[in-house]
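As structure tokens, the structure follows; a few thoughts come after it.
Sequence lines set the chain letters: A, B, ... in the order given, protein chains first and strands last, and positions in each chain run from 1.
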There are 2 protein chains.
Amino acid sequence: MAKQNTVFKDAFNRCLELFAETATLPSEPELGQALGVSRTTVRAILTRCEELSLIAWDKRSKTVLRNPEPSDYFPSEETDSLAERIERSFMRRILAGGAEPGMQINELELAREIGTGTTSVREFLIRFSRFGLIEKRPNSHWVLKGFTREFALELTEVREMFELRSAARFVSLPEEDPAWEELRTIEAVHREILAAIDERYGEFSELDERLHLLVHKSSSNRFIIDFYDVIAIVFHYHYQWNKANARERNARALEEHLDYIAALQSRDPMSAEQACRRHLKSARETLLQSIP
Amino acid sequence: MAKQNTVFKDAFNRCLELFAETATLPSEPELGQALGVSRTTVRAILTRCEELSLIAWDKRSKTVLRNPEPSDYFPSEETDSLAERIERSFMRRILAGGAEPGMQINELELAREIGTGTTSVREFLIRFSRFGLIEKRPNSHWVLKGFTREFALELTEVREMFELRSAARFVSLPEEDPAWEELRTIEAVHREILAAIDERYGEFSELDERLHLLVHKSSSNRFIIDFYDVIAIVFHYHYQWNKANARERNARALEEHLDYIAALQSRDPMSAEQACRRHLKSARETLLQSIP
DNA sequence: CTTCTGTCTATTGTAGATAAAAGACAGAAG
DNA sequence: CTTCTGTCTTTTATCTACAATAGACAGAAG
């Protein structure tokens, strides 16, 4: 098992969705473009489609023979990349499981538990180390620094610096910048969700990320934008983990977002700064409350 | 060749230095402590010392028989860890060699050139990616983003945010904080170097890192402190690469540092901020001048 | 009863191998 | 003459293996 063929399986599944739209499939390079994979993978997909009698394929003609059935798809467990599986397992262990700061992290043990080789785990840990939650002792184990109060405070301190700076840039973006359009879209989604808050409050997490990432992006600074990954992953898993009072919390945050959005749209630096500060302050408090 | 024994070789060399101080060596755990290695490595070192008739070793008694000669040491090329070698080769390629932005980076080729396995190169690139100079195309190559003007501006923007914040913290450190002592030491070294600037201007680079790292550390924020790695590596290689007018540049920077140090020692936030801004501004300009 | 040494085990760092995926090139089809 | 397909080569992602290194434990020495 040198390499998982998850790219193939995932692209295959996505390719079946395209069948609904057209009776004849486009050329191989075009398909590759649409699915975001190379021609090699496209041909593997087409070959499998042919084997399953989903299409008739002869050189340039690719005719859809029948609509795909659920059994044609690969199960979703098989389409996740190894890196995603490792991340989930790891985060579950350190966030959900009682993981005390100072705990040792063992590459071999993690690999065995996840059912994978050590190399992948190792590379994951290296990438993950930039989130500041783990640290390497050279020639020895990793140490879990823990999702502690200090961590949250350090994270939010930088977040606030970066977001205030980005918000200040945002209000000075030229009228024709696509960010304004995206901001209006995000605003509309906010209103939709608020209108049906009882059913849709769960969609907040994703929307939150979308808004803040948009703001951070206007900094045009790769370090600021990259840092948003740290924030996103922490909040992502934090929302999954801590669902107490989610409805009220999210409703309040949505209102704050609307204020923030309005302030950005006013193009007034001062009120944007104030709205930004207010929201970040309550976001910080929410995060801190969930930490013992 | 599963693992290079550079830890052993480097510790062995450092161990020979200890011979000058004592006629009998301390216990194994103590030696391990002093050299920063495990007992396993200590015993390997002692075994080799015995083989070379450098010491007589019987259980607890370890008597030095003769002083080490140059030929006893391992050559310095063999004591560098693989990671260090890869970093140097890579930086030489991308800074010195005409490396245009957008260039593809090939793991296999790099590994062959450095004479190492792909795994190590790969892990290096993953670690290095946080410096914002390269980017991964999944399932495909890395792309060099280049040491460009934008890079320098983005880097210094964050640097200035972080250092201003850290300097503000610094002035409010309590009297007994060891940072004040370290600051006085750094100040003294500055004066020494300035007094003999023509011969010693080359020592500035290291001192610069020491001062700024001290300031950043007072933020007590892991993200700010970690970010200093990015700054340090960029300036480190930048100094090596760009030696034009080094004497004058360093002399001016030393003067600025002294102002900055005095402002910090005054405990006055306003003057610390001003001195910090002044120095960072000229550091930025120096960096930008070296980029075409 | 603390600290050391001898011995053994477990884990990390690195190389090498292999399937998956990307990508290059020439000739075919429009 | 542009875009496609067939074929082939190169590179990446991942596993496995193994030496270097760390670390554990029991008995020895003080």
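Of the residues listed (B:Lys59, B:Arg43, B:Lys62, B:Arg60), the one engaging B:Glu28 in a salt bridge (Lys or Arg N to Asp or Glu O under 4.0 Å) is B:Arg43, and it is the only one.
Using a cut-off of 4.0 Å between Lys/Arg side-chain N and Asp/Glu carboxylate O, A:Arg66 and A:Asp72 are scored as salt-bridged. Classification of B:Asp229 and B:Arg130 as a salt-bridged pair holds, one side-chain N sitting under 4.0 Å from a carboxylate O.
For B:Arg122, a side-chain nitrogen or oxygen approaches OP1 or OP2 of D:dA13 to under 4.0 Å. Neither OP1 nor OP2 of C:dG13 sits under 4.0 Å from any side-chain N or O of B:Asn5. Residue A:Ser27 has a polar side-chain atom (N or O) positioned under 4.0 Å from OP1 or OP2 of D:dC4. Applying the 4.0 Å criterion to OP1 and OP2 of C:dT12, one finds that A:Thr118 has every side-chain N and O outside that range. Proximity of A:Lys62 to the phosphate of D:dT5: a side-chain N or O atom is located under 4.0 Å from OP1 or OP2. Listed pair B:Thr116 / C:dT14 fails the phosphate criterion, with no side-chain N or O lying under 4.0 Å from OP1 or OP2. Applying the 4.0 Å criterion to OP1 and OP2 of C:dT11, one finds that A:Asn106 has a side-chain N or O inside that range.
The nearest whole Å value for the distance from the CG atom in A:Asp58 to the C1' atom in C:dA28 is 13 Å. For the pair B:Arg43 CZ and D:dA20 P, the computed distance is 17 Å after rounding to whole Å. Distance CG (A:Leu82) to P (C:dA19): 18 Å, rounded to an integer number of Å. One atom, CG of B:Leu31, and another, P of C:dC4, lie 11 Å apart when rounded to the nearest Å. Distance, B:Ile86 CD1 to C:dA15 C1': 12 Å, rounded to whole Å. Distance B:Leu25 CG to C:dT5 C1': 15 Å, rounded to the nearest Å. With rounding to whole Å, A:Lys9 atom NZ is found 15 Å from C:dA21 atom C1'. Regarding A:Arg39, its CZ atom lies at a distance of 12 Å from the P atom of C:dG23, rounded to whole Å.
Not a single donor-acceptor pair under 3.5 Å links the side chain of A:Asn13 to the backbone N or O of A:Tyr73. Side-chain N or O atoms of A:Arg222 include none that pairs as donor or acceptor with a backbone N or O of B:Glu154 at under 3.5 Å.
A:Thr119 comes within 4.0 angstrom of a nucleotide base, judged by non-hydrogen atoms across all strands. Residue contacts shown for A:Lys136 are limited to sugar-phosphate atoms, with no base heavy atom under 4.0 Å away. Note on A:Ser120: only backbone sugar-phosphate atoms sit closer than 4.0 angstrom, heavy atoms only; bases stay farther off. Using a 4.0 Å heavy-atom distance criterion, A:Gln4 is classed as a sugar-phosphate-only contact.
Side-chain N/O atoms of B:Lys3 and base N/O atoms of C:dT12 include a donor-acceptor pair closer than 3.5 Å.
Among D:dA22, C:dA22, D:dT5, the nucleotide with an atom closest to any side-chain atom of A:Ser38 is C:dA22. Nearest to the side-chain atoms of B:Phe8 among the listed nucleotides D:dT11, D:dT21, C:dA22 stands D:dT21.
The aromatic rings of A:His238 and A:Phe147 are tilted relative to each other, their planes meeting at an angle between 30° and 60°.
Geometrically, A:Arg48 does not engage A:Phe8 in a cation-pi contact defined by less than 6.0 Å to the ring centre and at most 45° from the axis.
The nucleotide D:dA28 finds its pairing partner in C:dT3, both defining distances of the Watson-Crick or G-U wobble pair being shorter than 3.5 Å. Pairing partner, D:dC18: C:dG13, with both Watson-Crick or wobble hydrogen-bond distances short of 3.5 Å.
Positionally, the nearest nucleotide of DNA chain D for B:Asn139 lies more toward the 5' end than for the other of B:Asn139 and B:Arg60. Nearer the 5' end of DNA chain C, as judged by each residue's closest nucleotide, is the contact made by A:Glu109, out of A:Glu109 and B:Ala2. Summary of the strand contacts: B:Pro138 and B:Thr40 both lie near DNA chain C, and taking for each the nucleotide with the nearest heavy atom, the more 5' one is attributed to B:Thr40. For the pair B:Val42 and B:Ser140, both in contact range of DNA chain D, the more 5′-proximal nearest nucleotide belongs to B:Ser140.
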